[in-house]
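Take a look at the structure set out below.
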Amino acid sequence: MTGTLLDLIEPRGFLEDRKTAFLFWDGATPSLGLKTFSYAALRKKAERFAAALLEIGVNPGDRLAIILPNMLQFPIVYFGALMAGAVVVPINPLYARTPEEITKILNDSEAESAVILDLLLPTLKNIEKDVRLKNIIVTTVADSLPVLKKVAYWVKTSRNKNKYLHYARLISARRFKKSNLPNICAQDLAVILYTSGTTGDPKGVMHTHESLLANAYACKKLVLELGLEEGKEVFLAATPYFHIMGIAAMLNTALLMRAKIVLIPKPSEFKTMLEAISYTKATGFVGIPGFFKGLAGELRKRVDAADYVSSLKLCLSGASRIDSKTKQEFESLWGGKILIGYGLSETGVTHCQRRGGEIDSVGFPLDGVEEKFADTDENCIGELCVRSKSNMVGYWRKSEKTREVLRGEGWLMTGDLAKMDTKGGTVILGRAESDFVKGRGGEKVPLSSAEEILMRHPQVVDAAAIGNFSENKRGYEIRAFVVLRDSETSCGEYLLGELMKLCKDNLPLAERPDEIKCIRSIPRNHLGKVLKKALRASS
């Protein structure tokens with residue numbers, strides 16, 4: 001397989017090109033219309049945007065930041081930038097709440113152009129003097145709405161005028177000038193994805209056209225094996241496009257499958273997401289554990305719960321560990337099995353279950369992915385290493401970090417400790433540096449075991465554990481934190497005694513927590529990963 005990401009939107013014939021590529025679920029009354037565009041329209045709009053970028057001085061290799069939720073403008077900007085030879089830098093729009101994160105990424109990537117939603121513009125204005133942006137392109141929610149809703153939006157908000165470039169004007173047919181687009185090669189840098197920074201400062205993961213396209217083909221082969229059909233599916237894109245799972249599975253792979261893609265801009269609104277699944281008859285859904293937990297909560301409120309999700313043929317969970325309680329509850333309401341997948345920003349999607357019966361395993365490597373376990377201990381636990389064409393080419397401007405992770409013969413060290421189960425599947429035990437604590441003999445003790453057992457208690461809705469060095473006999477201590485279902489429930493000696501007994505009855509001595517504490521919420525990032533640094537600081 002050779003080619004570039006632009007192959008994903010290449011013409012496939014008159015009828016194929018007129019199929020709906022994207023539908024924007026705006027959360028309002030569907031009877032007033034939902035804006036869509038076809039594969040042919042996507043290609044045409046992307047060409048216009050590419051020409052506009054060249055016209056305003058964007059050169060091949062320049063970085064362009066996209067600060068947008070999942071909305072119709074994203075794929076147009078994404079492919080338009082790639083056509084112009086630019087490198088896409090997707091940024092989490094929620095970082096608008098913490099402008100220093102946007103500043104860090106813009107400065108590290110040396111982005112000189114950005115496309116941003118007007119609602120987030122105040123944040124960019126506040127940091128404009130601290131970054132090197134030359135071109136700020138502003139779009140609005142109205143650019144993703146059908147005519148009636150667009151008019152209502154402008155009446156409600158009053159159209160804002162500003163000094164910046166306007167997205168709608170840049171892709172207008174009236175101002176479009178045909179440009180000579182540069183030749184794009186498979187080895188050209190396509191995307192820089194910034195890691196979430198849960199264990200350190202965010203790093204820019206560099207992916208070429210070749211690496212992302214290879215991952216799309218591997219994912220396509222997987223979903224075909226799982227029973228989906230090319231050209232017949234409806235994928236629900238709730239996982240944000242600034243994350244590898246969103247961009248790999250719900251953008252690149254979905255387009256390769258010639259699916260209809262339903263864009264969900266606010267995935268935290270589970271009622272709206274459930275309505276989107278029901279109305280659009282979505283067949284494929286890839287989400288983080290929090291999505292399944294939230295959807296299960298909404299489904300419990302409905303007598304006809306199964307009808308709302310009856311169209312779903314395939315549900316995949318990734319990005320962080322899904323607890324058995326959430327998995328079982330959603331499955332009982334849906335009637336199918338959630339498959340668990342695995343991947344990193346650095347590798348794309350690398351593993352996935354094929355049947356969904358196991359809670360611990362992430363299944364088997366995708367086509368073209370090799371795995372091995374480095375520095376295994378007496379329990380056959382070692383660091384998972386993967387090799388495939390989907391691996392990143394390195395970290396942006398961090399050659400030393402790149403050398404630490406990318407080893408000889410193309411192997412990438414994931415930083416995750418793992419082992420193989422009795423069926424040959426891969427079991428991810430956690431991050432080596434944050435999800436384990438070391439005993440006096442150097443043994444690795446997982447913290448996830450205590451978290452999983454505590455989640456079994458009917459009063460516990462969330463749990464996390466941290467480990468610290470100690471002078472006690474074990475050489476470490478484990479501190480667990482729980483969130484109770486009812487905030488009015490007393491976290492007294494009786495309940496804590498119950499939780500301690502639960503751990504004692506189900507865990508070996510080495511994995512039992514020394515202390516359990518009730519807190520209001522577990523600090524997590526946008527993908528549901530526990531922020532262990534924040535947990536330690538608060539404790």
Side-chain angles (χ1 to χ4, degrees), residues 1-12 21 39 42-43 46-47 49-51 53-54 58-64 66 74-90 109 111 179-194 204-224 230 241 244-258 343-350 365-370 386-397 399 402 405-412:
M1 183 278 304
T2 58
T4 73
L5 289 170
L6 301 180
D7 295 348
L8 299 176
I9 58 173
E10 277 295 294
R12 291 196 191 180
Y39 279 83
L42 168 59
R43 189 167 58 251
E47 286 172 351
F49 190 73
L53 289 179
L54 295 174
V58 174
N59 296 309
D62 287 354
R63 272 72 61 203
L64 179 137
I66 306 180
F74 195 107
I76 293 168
V77 172
Y78 176 76
F79 284 104
L82 295 177
M83 284 179 179
V87 179
V88 173
V89 183
S109 65
S179 297
N180 292 321
L181 299 177
N183 291 323
I184 310 301
C185 302
Q187 289 73 36
D188 288 347
L189 192 57
V191 175
I192 299 177
L193 282 172
Y194 277 81
V205 175
M206 296 189 291
H207 276 289
T208 61
H209 284 263
E210 181 180 33
S211 64
L212 291 174
L213 191 60
N215 200 223
Y217 273 100
C219 290
K220 178 186 175 182
K221 185 172 183 181
L222 170 72
V223 296
L224 289 175
E230 187 171 351
Y241 283 157
I244 186 62
M245 191 165 70
I247 213 165
M250 291 290 98
L251 181 60
N252 296 340
T253 302
L255 289 171
L256 192 59
M257 283 285 291
R258 223 58 171 186
L344 299 171
S345 299
E346 291 89 340
T347 63
V349 182
T350 60
L366 270 60
D367 184 53
V369 177
E370 299 174 76
V386 296
R387 179 168 65 182
S388 81
K389 289 183 178 179
S390 303
N391 282 357
M392 68 169 186
V393 294
Y395 292 119
W396 175 257
R397 295 173 53 190
S399 54
T402 298
V405 172
L406 282 176
R407 301 296 176 86
E409 300 180 334
W411 288 101
L412 185 143

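Values reported hereafter were calculated over all heavy atoms of this structure, with side chains retained and with hydrogens, waters and symmetry mates removed.
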Does the pair I244 and T347 meet the rule for a side-chain contact (heavy atoms from CB on, under 4.5 Å), with working shown?
CA-CA 9 Å; I244 186 62; T347 63; over 6 Å; no
Considering all heavy atoms of both residues, which atom of A51 and which atom of L181 are nearest to each other, and what is their separation?
N-CD2, 4.4 Å
Roughly how far, to the nearest 0.5 Å, is CE of M206 from OG of S345?
13.5 Å
Any residue meeting side chain to side chain contact (heavy atoms under 4.5 Å, CB included) with L256, in chain and number order, not counting sequence neighbours
L8, R12, A216, Y217, K220
Would you indicate whether the side-chain heavy atoms of L193 and P90 approach each other to under 4.5 Å?
yes
Determine the minimum heavy-atom distance between G80 and A50, stating which atoms define it.
O-CB, 3.2 Å
Backbone of N215 reached by a side-chain donor or acceptor of S390 within 3.5 Å
yes
At what distance, to the nearest 0.5 angstrom, does CZ of R43 lie from CD of E10?
7.0 Å
Tell me every residue that passes side-chain hydrogen bond (donor to acceptor under 3.5 Å, both in side chains) with N252, counting only those two or more places apart in sequence or in another chain.
Y78
Partners of V87 by side chain to side chain contact (heavy atoms under 4.5 Å, CB included), sequence neighbours excluded?
R63, L189, I192
Look only at the side chain of T350 and the backbone of P365, and say whether a donor-acceptor pair between them is shorter than 3.5 Å.
no
Roughly how far, to the nearest 0.5 Å, is CD1 of I9 from CZ of R258?
9.0 Å
Distance-minimising heavy-atom pair for V58 and A86:
CG1-CB, 4.1 Å
To the nearest 0.5 Å, what is the distance between CD1 (I76) and CE (M83)?
10.5 Å
Under the salt bridge (charged side-chain N to carboxylate O under 4.0 Å, His left out) test, which residues partner R397, sequence neighbours left out?
E110
Contacts of type side chain to side chain contact (heavy atoms under 4.5 Å, CB included), residue V223, not counting sequence neighbours
L228, M257, L314
Spacing of CD1 belonging to I184 relative to CG belonging to D7, to within rounding of 0.5 Å
11.5 Å
Please round to the nearest 0.5 Å and tell me the distance separating atom SG of C219 and atom CE of M250.
9.0 Å
Is it the case that the side chain of D188 and the backbone of H209 share a donor-acceptor pair, with hydrogens and angles ignored and the cut-off at 3.5 Å?
no
Taking every heavy atom of L366 against every heavy atom of V349, the minimum-distance pair comes out as CD2-O, 3.7 Å
Return the minimal non-hydrogen interatomic distance between L42 and L255, and the atom names on each side.
CD2-CD2, 4.4 Å
Counterpart residues, side chain to side chain contact (heavy atoms under 4.5 Å, CB included), relative to V405 (two or more places apart):
M392, Y395, L412
Taking all non-hydrogen atoms of both residues into account, name the closest pair between P182 and A84 and its distance.
CG-O, 3.5 Å
For N391 and V386, run side-chain contact (heavy atoms from CB on, under 4.5 Å): C-alpha distance rounded to whole Å, both residues' side-chain angles, the deciding distance at 0.1 Å, then the answer.
CA-CA 8 Å; N391 282 357; V386 296; 3.9 Å; yes
Restricting to salt bridge (charged side-chain N to carboxylate O under 4.0 Å, His left out), what partner residues turn up for E370, sequence neighbours left out?
R387
Can you name the ring-ring contact (aromatic ring centres under 6.0 Å, His included) partners of Y241, sequence neighbours left out?
F74
Tell me, with the steps shown, if Y194 and W396 meet side-chain contact (heavy atoms from CB on, under 4.5 Å).
CA-CA 9 Å; Y194 277 81; W396 175 257; 3.8 Å; yes
Evaluate the side-chain contact (heavy atoms from CB on, under 4.5 Å) criterion for residues L82 and V88: first the C-alpha distance (whole Å), next the side-chain angles of each, then the deciding distance (0.1 Å), finally the verdict.
CA-CA 7 Å; L82 295 177; V88 173; 4.1 Å; yes
